[in-house]
Amino acid sequence: MSAFNLLSEPIRKYIRDQKWESLRPIQEAAIQKIIATDNNYVLISRTASGKTEAAFLPILSKMNCKEKGVKVLYISPLIALINDQFMRVEKLCEYLDVPVTKWHGEASKGAKDRLIKAPEGIVLITPESLEAMFVNKPYQIHHLFSTLDYVVIDEIHSFLGSDRGIHLQSLLQRLQKVNTGKFSTVALSATVSDQNNYAELKDFLGDPEHTKVIRDTTPKPINAVFKYFEGQTKELPLDLLKDLYIRTRDSKVLVFPNARGKVEEVAVRLKKLSERVGGHANYFSHHSSVDKEVREYVEFFAKKSTHENFCISCTSTLELGIDIGNVDEVAQIDATHSIASLIQRVGRSGRREGKASNLFLYATERWSLLQSLACWLLFKEQYIEPIAMSQKPYDVLVHQLLSVVKGSSGITLDKLTEDLTGNAAFKNISAEEVTEIIDHLTAIDFLEKLGPEYIIGIEGEKVVNTRDFYTLFHTPVFFRVVSQGVKIGELPLSAQTRPDENIYLSARIWKIKDIDYEAKKIEVAPAKDGKKPLFFGDAADTASKIREKMLEILISDQKYDFLDEPGDEMIRQMRKDFSIYGIRSHQTDRPLFSGNDKLKFYSFTGSKINRTLSFILNRVGIENQLHESESKFEIDFSKKSEFISVLKDVNLNTINFDEALTELLDNFPDVLNFSKWGEFLPIKYQIELLKHRYFDFEGCNEFLQNLNFIENK
DNA sequence: GACCTGCTGCGGTATG
């Protein structure tokens, strides 16, 4: 039977009313499978290929709408995505008379209350809201979610490999436990690595044997153009902005400049260029520090603009599936940190059927040009970074221990241990380890033993009873930026944030009038000229594969017709610079340059391995400067032989770094900042987190075992 | 110089 005929009549009517000519390939396949089986499915296909419908059309066809209780739980990483999907799903559900409820921190309380009175239909939720319910109203979890048929997880790649992902995995397991039957899961994604035949992905959904992947890899034509404009100052070159302006002034475009400060610079300066020549004024900026209402306006403007052109300068806030309508072109300024990110960004353009995507890649620095080129070539080879799921997520365990205890109002050690060890998210953590962590949490008053049962301790109450408890990620302190009662966005406190400084924010220029440290508020007024704002953060890690590709480009003589003349010239120059070594293998050979007083070692490997190598060198007394963007170490020439022998002879498997890592934690407690809950673990588990999440000793060892120094002649 | 993500429950007051 055709997929269309497998659907229930109301759904068929919906499709007819939408005037769809046909179902998309991913929809055809998903409908056949989901209707026929109770397997879990992962639907992988590019942005705007109708994945949401591919999941909901068959699920709703199967669903017994007359039954009481919530039947489908949709989980999303973003509130904005929930609001977006709500409208689509609700329109579909009108045909079935099935209610749809949004349940997140900004959703209406009234709608939530109505759901509690009569639980039914579909609920759209965030992992954090689900967590909050487990902690504060565990009976509500039973009341609402014990009769689920399906859980749908949107943009699942955004969860994989992160603490937030382990958190979600744990919540899914806890949810399955309270369910009277067994729910199936359908996960949606545009980009997932197919390493080990999707083993990590299948594990994530909790039932690998009954989890199937449906994938549509129909390629989409993409026109890429590389342009190189070497930057002389900290500002973006004017020629680059002029070029970008001319190419995009007559279209709908997204620009990704990688950092919030640069996002503002691009928006403000392009707007000025446009003003000067009488072009359109629809230049916006969109990132986490732009006020929410301003961002919603920008999204609304983009969605509603059928004839009007616009240009949104943005960070990864516009990378995920929020539907902002048709975009003609995407510009990327300097290299993306990952291929996955590049795929998402490219996918945002040419969303109209049959229309090619346009991509402008700009580079302002030679190493960035090389990395950008490497990313593009890997993208063409359909490479995606592998998923690194945390094998022993002790920090997420701490959080979930507190959550389970708080939600239980008294629980025995046996029950608590069983709850955690029985949870697949923690399957590699032993019962002994769980007990040891419980003992530690008791010792620091996070837990308290009351007779045979554990409850939350005095110190634990302080963290469990705050809004901040529900997330697995840290958030820095920001000051609200306000102009005459209107909120514009937010800024961190820095040398720049003081009265009379002029800054860009939300694509406009402001003068700082006053700073209220108590209220964490910055009062501003419009100004004519200013500087880009400063934000602080950690650069994202770059994968080893990208660095290897960069070296491969340097030792090849391949010509790239998509490179402009200056870019081509720069690559030629870099190849010439590296020709002095005579490198043969981009996998094992690494350049070592001996200068007059400096030794330069180009490792061409991932950020985590570089960080580990730098740590080991420091540990054995070899001072070194790591230049991450060039994957280069600089060392005093007098240490040359020592350096070579350390790297050649060291076998990291035989060395115990625990003492060194303990010292590191003592001297620089901030190294653990990547983990929000890690600081509450016994020191030996903090060390384990450092070893696997901040450093990569296994990867570093493998790198060193294969390393072949090639010295300059 | 360096991305992003989310948030309870209660008590108060204003509004229809």
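Each chain gets a letter, A, B and so on, in the order the sequences are listed, and its residues count up from 1.
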Trainee: What's Ser288(A) touching, base or sugar-phosphate or nothing? Going by heavy atoms closer than 4.0 Å.
Mentor: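 It contacts sugar-phosphate atoms only.
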
Trainee: I'd like to know if the side chain of Arg164(A) reaches the main chain of Pro77(A), judged simply by a donor and an acceptor atom lying under 3.5 Å from each other, with no hydrogens or angles considered.
Mentor: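 Yes, the answer is positive, given that a donor and an acceptor are paired below the 3.5 Å cut-off.
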
Trainee: For a quick check of understanding: with a heavy-atom distance under 4.0 Å over all strands, which category does Ile79(A) fall into, base, sugar-phosphate or nothing?
Mentor: sugar-phosphate

Trainee: Within the structure shown, what part of the strands sits under 4.0 Å from Tyr470(A) by heavy-atom distance: base, sugar-phosphate, or nothing?
Mentor: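 Answer is sugar-phosphate: Tyr470(A) comes under 4.0 Å of backbone atoms only.
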
Trainee: Applying a 4.0 Å non-hydrogen cut-off, can you work out what Ala259(A) is touching in the nucleic acid: base, sugar-phosphate, or nothing?
Mentor: sugar-phosphate

Trainee: Can you give me the first and the last nucleotide of DNA chain B (5' to 3') that has an atom within less than 4.0 angstrom of a non-hydrogen atom in chain A?
Mentor: dG1(B) to dG9(B)

Trainee: Between Gly537(A) and Leu130(A), just flag the one whose closest nucleotide in DNA chain B comes earlier from the 5' side.
Mentor: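 In this pair, the answer is Gly537(A).
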
Trainee: For Phe301(A), enumerate each residue passing the ring-ring contact (aromatic ring centres under 6.0 Å, His included) test, keeping only those at least two apart in sequence or located in another chain.
Mentor: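 Phe301(A) satisfies ring-ring contact (aromatic ring centres under 6.0 Å, His included) with Phe284(A) once adjacent residues are dropped.
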
Trainee: So Asp468(A), base contact, sugar-phosphate only, or nothing? Heavy-atom distance under 4.0 Å.
Mentor: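 Here Asp468(A) touches the bases of the nucleic acid.
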
Trainee: Need one value for His287(A): base, sugar-phosphate or nothing, where a base atom within 4.0 Å counts as base even if backbone is also close, heavy atoms only.
Mentor: sugar-phosphate

Trainee: Within the structure shown, what part of the strands sits under 4.0 Å from Thr315(A) by heavy-atom distance: base, sugar-phosphate, or nothing?
Mentor: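 Here Thr315(A) touches the backbone only, sparing every base.
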
Trainee: On DNA chain B, nearest-nucleotide positions of Ser316(A) versus Phe469(A): which is more 5'?
Mentor: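 Nearest-nucleotide comparison on DNA chain B picks Ser316(A).
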
Trainee: Start with the C-alpha distance between Thr126(A) and His104(A), add both sets of side-chain angles, then the distance that settles side-chain hydrogen bond (donor to acceptor under 3.5 Å, both in side chains), and finish with yes or no.
Mentor: CA-CA 6 Å; Thr126(A) 60; His104(A) 57 65; over 6 Å; no

Trainee: How about Asp334(A) and Tyr362(A): do any of their side-chain heavy atoms sit closer than 4.5 Å?
Mentor: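 No, their side chains stay 4.5 Å or more apart.
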
Trainee: Please work out if Ser162(A) contacts a base, only the sugar-phosphate, or nothing of the nucleic acid, heavy-atom cut-off 4.0 Å.
Mentor: nothing

Trainee: Are side-chain N/O atoms of Glu230(A) and Tyr228(A) paired as donor and acceptor at under 3.5 Å?
Mentor: yes

Trainee: Can you check whether Phe469(A) and His399(A) have ring centres sitting under 6.0 Å from each other?
Mentor: yes

